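Report on one structure; see the data block that follows.
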Amino acid sequence: MSNDAQKISMVAAAVIAFNAMVGAGVLLMPAILNSLVGPASIFTLILSSLLVLSMGLSLGKAAEAYPGAGWSYLYPSKWAGHKIGLLSSFSYIVGLLLAMGVLVQQAGIWVHKVIPFVPVQPLGIYILLILMVFILAGAKTSSGVQYLIAALVIVGLFFSGLFGWLNFNPSTLTPFMPQGFTSIFSAGPSLLFSFLGFECVCSLYPIVRDPGKNVPRALAFSVLG
């Protein structure tokens, strides 16, 4: 069997990228954007999606030119040297830790409503440990399991969206921009948080067939999806 035959398809790559991005942000962002921007948050979503797509495609080009692990150090160090590479890698790790802390804390609050006899903080720690197990196992997860995870997420999003459409009321679109024009841009950082994981595109180039074409397509499908 050739080495190329052992690599994954564009569809599988899109599913992996989609799974990496979809998290608690999908559930939190609609309510947050509605309070920060209002119905005009659709423009925040479009702008943020284009920004993430641009960053992802840029990282993909860097991965194609400089294949290898440790992208948060490798790419900056090629541009500005060892110290900047270390600073970039350290910043990325700290950012991930802070993001995981926020998500785990929120998950603990949600689960506490179902299991009120367990305090929020221990629940958050238990959830973090469970996530760590899944992440470690994910390195050996088959493409079939990746498809299953994506399918379950999409089904949940579909029914949530269907509920929203069936209960749509045009009056909720006014005022369209209650917080002013600048709110479209000021809410961007909050929305970008929900795209965390798009950077996994860097790790896909060695395992995807015809990566120069298929990885950018996979990224576009996962972000726009």
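Just so it is clear, the structure is predicted and the values come from calculations on it, not from any experiment.
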> So how far is it from T44 OG1 to L51 CG, rounded to the nearest 0.5 Å?
Replying inline: 12.0 Å

> Transitive ILVMFWY cluster of W79 at side-chain heavy atoms under 4.5 Å: who else is in it?
Replying inline: I84

> Quick check, are the ring centers of W71 and Y92 under 6.0 angstrom apart?
Replying inline: yes

>> To check you understand the geometry: which heavy-atom pair defines the closest contact between P211 and P216, and what is its length?
In response: O-CD, 3.4 Å

>> Can you give me the closest heavy-atom contact between M177 and I184, atom names plus distance?
In response: CE-CD1, 3.8 Å

> So if you build clusters from Ile, Leu, Val, Met, Phe, Trp, Tyr with side-chain heavy-atom gaps below 4.5 Å, do Y73 and Y75 land together?
Replying inline: no

> Quick one: do F181 and L45 end up in the same hydrophobic cluster if we chain Ile, Leu, Val, Met, Phe, Trp and Tyr together by side-chain heavy atoms under 4.5 Å apart?
Replying inline: yes

> To the nearest 0.5 Å, how far apart are CG in N214 and OH in Y205?
Replying inline: 9.5 Å

> Do you know which two heavy atoms are closest between A14 and S222, and how far apart they sit?
Replying inline: O-CB, 3.7 Å

>> Tell me every residue that passes salt bridge (Lys or Arg N to Asp or Glu O under 4.0 Å) with K213, counting only those two or more places apart in sequence or in another chain.
In response: none

>> Within this structure, what is the CZ-CG distance for the pair F185 and L47, rounded to the nearest 0.5 Å?
In response: 6.0 Å

>> If you define the side chain from C-beta out and look only at heavy atoms, does anything of V37 sit under 4.5 Å from S183?
In response: yes

> Say you draw a straight line from CD1 of I46 to CZ of F43; how long is it, rounded to the nearest 0.5 Å?
Replying inline: 6.5 Å

> Any idea which heavy atoms bring P76 and S88 closest together, and the distance?
Replying inline: CG-OG, 3.3 Å

> At what distance, to the nearest 0.5 angstrom, does CD of Q179 lie from CG of N34?
Replying inline: 9.5 Å

> Does a sphere of radius 6.0 Å around CZ in F176 hold more than 12 heavy atoms from other residues, nucleotides or ligands, not counting ones at 6.0 Å or beyond?
Replying inline: yes

> Residues sharing L87's hydrophobic cluster, by side-chain heavy-atom contacts under 4.5 Å among ILVMFWY, directly or via others?
Replying inline: none

> Hey, are the side chains of F195 and S49 touching, using non-hydrogen atoms and a 4.5 Å cut-off?
Replying inline: yes

> For the atom pair CG (L86) and NE2 (H82), what is the distance rounded to the nearest 0.5 Å?
Replying inline: 4.0 Å

> Can you check whether V215 reaches E64 side chain to side chain, under 4.5 Å on heavy atoms?
Replying inline: no

